[in-house]
Amino acid sequence: MASLSARGIYKRYPGGVTAVSDFTMNIKDKEFIVFVGPSGCGKSTTLRMIAGLEEISEGELFIGDRLVNDVAPKDRDIAMVFQNYALYPHMTVFDNMAFGLKLRKVPKDQIKKLVEEAAQILDIAHLLDRKPKALSGGQRQRVALGRAIVRDPQVFLLDEPLSNLDAKLRAQMRTELSKLHKKLGTTFIYVTHDQTEAMTMGDRIVVMKDGYIQQIDSPINLYDSPCNKFVAGFIGSPQMNFIQANDSGDANRAQVSCKLIMQDGKYAVEFGAEAGRGGSGRKFYVELPASRADNDALKYYIDKEIIMGIRPENIHDEEMYLSAAKTGIIEANVEVTEMLGAETYLYIDCEGIPLTARVSPRCTARPGDTIKLAIDPNKIHLFDKDDEHALFS
């Protein structure tokens, strides 16, 4: 098994295109790391550089204590599982899993033992005589994993391996992969654009955007303490609500304001629609609790425009929250409701500000209703309006 260290890695293509910039991180032995981000952020390119399938333009990559920049992929002691499985259609499951071992001239009896052990782990022992076309998507994915397992590599690289599966099977395979990681005790590096996969599987998550690392942290820290607006909006489903000053330019749509103020000696966020163009001029206030207000950096933002973030589950419609709230109560028009059994999503409009609230399935609000909701002041996030960094973490 092995740790992995990336030091200032860049990937530049001809024509001046830089796909990955200054990628630096240390991955511990047996850690499950997830690279996540939108399409084109550089996550798969980074994985391919680790695998040796893409040349590193600048920087150093160590697997264990060995510098591997110029080491061929087959000599890096890694195994990669691809999005499309990359199985040989004319070979049986057994032969697909054994192929790499045969190339290494491993004895036949050893190959048989390793393939059967991996098949038992993945619950595909009964499929060893079949060919890929006779398998379901989930079974093909297990075969691709089995082919990697038999090699007993130092590092597993997985490039969006579940993206071709249906939603139910994806959820099942997430659990199976987490179990497999614990059973094998090997370093896993997993690439996905699905933040649910990242949150449920990773020991640590690397959030990427435009080739740069935005934040590396545990799932819970990314969720509770995002370093900027991009991370806050990318992690979480439905995504975080953002309230910020803007002028839509639409003569029929109100101009929205959002700024930090001092109110009775305490920090508060004031937001709402300016009077005119459909706006009532009404303002709402969320007072910052002491735990959030103990921050000298906030002084700079008094009476300045900021961005406030609040997750859908932290906007409440229950009477117990409304009666206890001193600030943060808003009035909004319900535009759409989605009833999902265990919860209900309300898509609402508050003075021209679109918001999503995740509330109890007992909620009786319907489209066209005007309702009161309470924003939890302990759960708000504030961001700089210009560079969008978090004002507190």
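The basis for the numbers below is simple: all heavy atoms, side chains too, and nothing from hydrogens, waters or symmetry mates.
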Below 4.0 angstrom, N of the basic side chain to O of the carboxylate: do [X] and [Y] qualify?
X    : Y    : result
R12  : E58  : yes
K385 : E305 : yes
E287 : K326 : no
E331 : R282 : yes
E313 : R358 : yes

Side chain to side chain contact (heavy atoms under 4.5 Å, CB included) partners of K28, counting only residues at least two apart: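 Listed in chain order: E31.
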What residues form a side chain to side chain contact (heavy atoms under 4.5 Å, CB included) with D386, not counting sequence neighbours?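 If we apply the side chain to side chain contact (heavy atoms under 4.5 Å, CB included) test to D386, skipping adjacent residues, the hits are D384.
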Any sub-3.5 Å donor-acceptor pair from N241's side-chain atoms to I310's backbone N or O?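 Yes.
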Using modelled atom types only, decide if a donor and an acceptor are shared between the side chain of S5 and the backbone of N26 within a distance under 3.5 Å.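 No; judged by distance alone, with no hydrogens or angles, the pair does not exist.
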Is a side-chain donor-acceptor pair under 3.5 Å present for [Y] with [X]?
X    : Y    : answer
N69  : E60  : no
S3   : D29  : no
E197 : Y190 : yes
E319 : Y321 : no
K229 : Q244 : yes
E54  : Y13  : yes

Between [X] and [Y], how do the two ring planes meet: parallel, tilted or perpendicular, split at 30° and 60°?
X    : Y    : value
F32  : H181 : perpendicular
Y347 : Y345 : perpendicular
F383 : F242 : perpendicular

Among L180, I189, L184, whose side chain to side chain contact (heavy atoms under 4.5 Å, CB included) with F156 holds?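 Option passing the side chain to side chain contact (heavy atoms under 4.5 Å, CB included) with F156: L184.
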Measure the CG-CE distance between L145 and M173 for me, rounded to the nearest 0.5 Å.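 Reported value, rounded in 0.5 Å steps: 5.5 Å.
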Picking from E117, E116, Q110, what satisfies side chain to side chain donor-acceptor pair (under 3.5 Å) with K113?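 Exactly one pass, corresponding to E117.
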So if you build clusters from Ile, Leu, Val, Met, Phe, Trp, Tyr with side-chain heavy-atom gaps below 4.5 Å, do V206 and M199 land together?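 No, no single cluster joins them.
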Between side-chain atoms of residues 87-100 and protein atoms elsewhere (two or more places apart, or another chain), which donor-acceptor pairs fall under 3.5 Å?
residue: T92; atom: OG1; partner: D95; partner atom: N; Å: 3.1
residue: T92; atom: OG1; partner: D95; partner atom: OD2; Å: 3.3
residue: D95; atom: OD1; partner: K102; partner atom: NZ; Å: 3.2
residue: N96; atom: OD1; partner: Y88; partner atom: N; Å: 2.7
residue: N96; atom: ND2; partner: Y88; partner atom: O; Å: 3.1
residue: N96; atom: ND2; partner: M91; partner atom: O; Å: 3.3
residue: N96; atom: ND2; partner: T92; partner atom: O; Å: 3.1

